[in-house]
Amino acid sequence: MDAPETRNLFCKSGGIKYMSRQLRVGSKAKNLATTADKKKMGQASVQQLYEISFCMWILTYELNRSAAIRADFSKDSLAVSALVDLVSVAPREKVVRVALSCLRNLATCVADETEPVSGNGTVPPGPTITGTTFLSEMIACGLMKAIDHLRDRQFTDPDLVDDVNTLHKLLQENYKEMSRWEVYKNEVESGHLQWGSTHTEAFFKENARMMEGTDGDFHLLKVLITLLSNSRDEEVAAIACYDIGEFVRHYPNGRAIAKRLGAKELVMALIEHENPELQRHALQCVSKIMVHNWEHVK
């Protein structure tokens with residue numbers, strides 16, 4: 001990791017994606033483990049998270065010089081999602097410090113017009129990726145809530161405090177510029193659904209038609225349906241059930257569209273889930289799909 005050439009070669013070989021997955025596995029294990037399990041995991045797991053985060057932090061110093069590396073960090077929001085999870089779990093202060101430094105570098109990166117092209121001689125296709133791109137991903141992954149919690153803690157490291165305050169300011173500024181639909185779209189695409197004002201009847205009354213997407217392919221609805229079976233987070237699946245149900249209620253012919261895309265079968269499978277909250281939302285979603293005047297039988 002000492003030489004820029006080595007960093008670029010590592011990224012080109014899929015290094016960022018690999019490390020992001022390792023961070024997510026490690027942070028999820030810390031979050032879900034019992035107290036006894038956490039003791040067994042011990043310092044070694046924390047040290048591993050720290051070392052992987054440290055390697056990612058080093059790579060963030062190539063962001064301003066390489067569009068390809070910015071694209072790798074942005075791909076599928078995997079890197080941002082992993083770092084936000086790590087900050088939220090907060091296994092040790094040193095891990096949080098490095099993860100926040102990574103996020104700050106991502107949030108403040110810029111596209112340099114003089115940067116060298118990628119190895120195949122072309123700049124990666126698609127929109128230009130800058131700090132604003134990463135800030136939107138951070139908002140979608142719930143970093144604002146994590147930062148608010150960190151601001152309440154008494155840290156002695158001035159650099160860590162500065163990173164927390166800087167990210168808080170940048171996130172607030174970016175959030176104010178985003179419409180509620182943009183916030184919802186980014187949240188769904190990130191797969192990090194959290195209860196809030198975008199998961200309400202009022203929101204879907206206003207925005208149900210936006211679910212069509214620019215290409216009319218109902219991309220976000222497809223993502224929600226995918227989350228029903230792919231997400232390991234039961235709350236995410238419950239919110240996906242709620243959103244699908246509200247889409248069905250407020251979009252013309254929404255029932256037929258949801259059925260055609262396979263939502264009904266996946267939701268029905270969740271009715272028998274052991275989690276009572278997920279079970280309740282799945283049952284309500286199926287009712288909305290099956291019953292035309294659902295509000296009369298609530």
Participant: Determine all donor-acceptor pairs shorter than 3.5 Å in which one atom belongs to a side chain in residues 202-220; sequence neighbours excluded.
Facilitator:
unit_1, atom_1, unit_2, atom_2, d
Asn207, ND2, Phe203, O, 3.0
Glu212, OE2, Tyr251, OH, 2.5
Asp217, OD1, His219, N, 3.3

Participant: Quick one: list whatever passes side chain to side chain contact (heavy atoms under 4.5 Å, CB included) with Ser190, sequence neighbours left out.
Facilitator: Ala140, Cys141, His192

Participant: Is any side-chain heavy atom of Ile139 closer than 4.5 Å to one of Asn186?
Facilitator: no

Participant: Please name all residues satisfying ring-ring contact (aromatic ring centres under 6.0 Å, His included) with His199, sequence neighbours left out, ordered by chain then number.
Facilitator: Tyr184

Participant: Side-chain donor-acceptor pairs under 3.5 Å in residues 163-175, sequence neighbours left out?
Facilitator:
unit_1, atom_1, unit_2, atom_2, d
Asp163, OD1, Arg104, NH1, 2.8
Asp163, OD2, Ser101, OG, 3.1
Asn165, ND2, Val161, O, 3.3
Thr166, OG1, Asp162, O, 2.8
His168, ND1, Arg151, NH1, 3.4
His168, NE2, Arg151, NH1, 3.0

Participant: How many angstroms lie between atom CG of Leu100 and atom CG of Leu83, to the nearest 0.5 angstrom?
Facilitator: 9.0 Å

Participant: Would you mind writing out the side-chain donor-acceptor pairs for residues 260-274 within the sub-3.5 Å range, not counting sequence neighbours?
Facilitator:
unit_1, atom_1, unit_2, atom_2, d
His273, ND1, Asn275, N, 2.9

Participant: Count I, L, V, M, F, W, Y as connected when their side-chain heavy atoms are under 4.5 Å apart, and connections chain through other members. Are Val223 and Leu78 then in the same cluster?
Facilitator: no

Participant: Would you say that Val183 contacts Arg180 through its side chain, given a criterion of any heavy-atom pair below 4.5 Å between the two side chains?
Facilitator: no

Participant: Tell me, with the steps shown, if Val95 and Val87 meet side-chain contact (heavy atoms from CB on, under 4.5 Å).
Facilitator: CA-CA 8 Å; Val95 179; Val87 169; over 6 Å; no

Participant: Considering non-hydrogen atoms only, spot the tightest contact between Lys259 and Ile289 and give its length.
Facilitator: CE-CG2, 3.6 Å

Participant: Nearest 0.5 angstrom please: Glu177 CD to Leu135 CG, how far?
Facilitator: 9.5 Å

Participant: How would you list, by chain and number, every residue that makes a side-chain hydrogen bond (donor to acceptor under 3.5 Å, both in side chains) with Ser88, sequence neighbours excluded?
Facilitator: none

Participant: Before giving the answer on salt bridge (charged side-chain N to carboxylate O under 4.0 Å, His left out), spell out for Glu182 and Lys185 the whole-Å C-alpha distance, their side-chain angles and the decisive distance to 0.1 Å.
Facilitator: CA-CA 5 Å; Glu182 288 173 327; Lys185 178 176 179 292; over 6 Å; no

Participant: About how many Å separate CD1 of Ile16 and SG of Cys11, when rounded to the nearest 0.5 Å?
Facilitator: 3.5 Å

Participant: Closest approach of Asn64 and Val110, non-hydrogen atoms and distance?
Facilitator: OD1-N, 3.0 Å

Participant: Output, in order, the C-alpha distance, side-chain angles, deciding distance and verdict of salt bridge (charged side-chain N to carboxylate O under 4.0 Å, His left out) for Arg97 and Asp159.
Facilitator: CA-CA 8 Å; Arg97 180 171 63 247; Asp159 291 334; over 6 Å; no

Participant: Could you list all the ring-ring contact (aromatic ring centres under 6.0 Å, His included) pairs where at least one residue sits in residues 63-89, not counting sequence neighbours?
Facilitator: none

Participant: Would you check if there is a donor-acceptor pair between the side chains of Glu189 and Ser77 at a distance under 3.5 Å?
Facilitator: no

Participant: How long is the straight-line distance from OG of Ser81 back to CE of Met138, given to the nearest 0.5 Å?
Facilitator: 12.0 Å

Participant: If you define the side chain from C-beta out and look only at heavy atoms, does anything of Lys288 sit under 4.5 Å from Glu246?
Facilitator: yes

Participant: Could you report the tightest heavy-atom contact between Val248 and Ala258, atom names first, then the distance?
Facilitator: CG2-CB, 3.8 Å

Participant: Within the structure provided, determine whether Ser136 and Met178 are in side-chain contact (heavy-atom separation under 4.5 Å).
Facilitator: yes

Participant: Would you mind listing every ring-ring contact (aromatic ring centres under 6.0 Å, His included) that reaches into residues 220-244, with sequence neighbours excluded?
Facilitator: Trp195-Tyr242

Participant: Considering all heavy atoms of both residues, which atom of Ser74 and which atom of Ile129 are nearest to each other, and what is their separation?
Facilitator: CB-CD1, 3.9 Å

Participant: Tell me whether Lys222 at atom NZ has more than 12 heavy atoms from other residues, nucleotides or ligands lying less than 6.0 Å away.
Facilitator: yes

Participant: Would you say the side-chain atoms of Ser231 pair up with the backbone N or O of Asp233, donor to acceptor, closer than 3.5 Å?
Facilitator: yes

Participant: Could you tell me whether the side chain of Thr133 and the main chain of Thr130 form a donor-acceptor pair under 3.5 Å?
Facilitator: yes

Participant: Identify all side-chain donor-acceptor contacts of residues 49-62 below 3.5 Å with residues at least two apart in sequence or on another chain.
Facilitator:
unit_1, atom_1, unit_2, atom_2, d
Glu51, OE2, Gln47, NE2, 3.2
Ser53, OG, Leu49, O, 2.7
Trp57, NE1, Tyr61, OH, 3.4
Thr60, OG1, Trp57, O, 2.4
Thr60, OG1, Asn105, ND2, 2.9
Glu62, OE1, Arg65, NE, 3.4
Glu62, OE1, Arg65, NH2, 3.4
Glu62, OE2, Arg7, NH1, 2.6
Glu62, OE2, Arg65, NH2, 2.9

Participant: What's the spacing between Asp72 CG and Asn8 CG if we round to 0.5 Å?
Facilitator: 10.0 Å

Participant: Report the residues that fulfil ring-ring contact (aromatic ring centres under 6.0 Å, His included) with Tyr18, sequence neighbours left out, ordered by chain and then residue number.
Facilitator: none

Participant: Please determine whether residues Leu160 and Val84 belong to a single hydrophobic cluster, defined as Ile, Leu, Val, Met, Phe, Trp and Tyr linked transitively by side-chain heavy-atom distances below 4.5 Å.
Facilitator: yes

Participant: How far does CD1 of Ile69 sit from SG of Cys109, to the nearest 0.5 angstrom?
Facilitator: 11.0 Å

Participant: Which heavy atom of Ala238 sits nearest to which heavy atom of His281, and what is that distance?
Facilitator: O-CB, 3.7 Å

Participant: Please identify each residue that fulfils side chain to side chain contact (heavy atoms under 4.5 Å, CB included) with Thr156, with sequence neighbours left out.
Facilitator: Glu93

Participant: Would a distance-only check, ignoring hydrogens and angles, find a side-chain to backbone donor-acceptor pair under 3.5 Å from Thr200 to Gly196?
Facilitator: no

Participant: Enumerate the ring-ring contact (aromatic ring centres under 6.0 Å, His included) contacts for residues 127-159, please, sequence neighbours excluded, ordered by first and then second residue.
Facilitator: none

Participant: Does Leu106 share a hydrophobic cluster with Phe10, counting links as ILVMFWY side-chain heavy atoms below 4.5 Å and allowing steps through other members?
Facilitator: yes

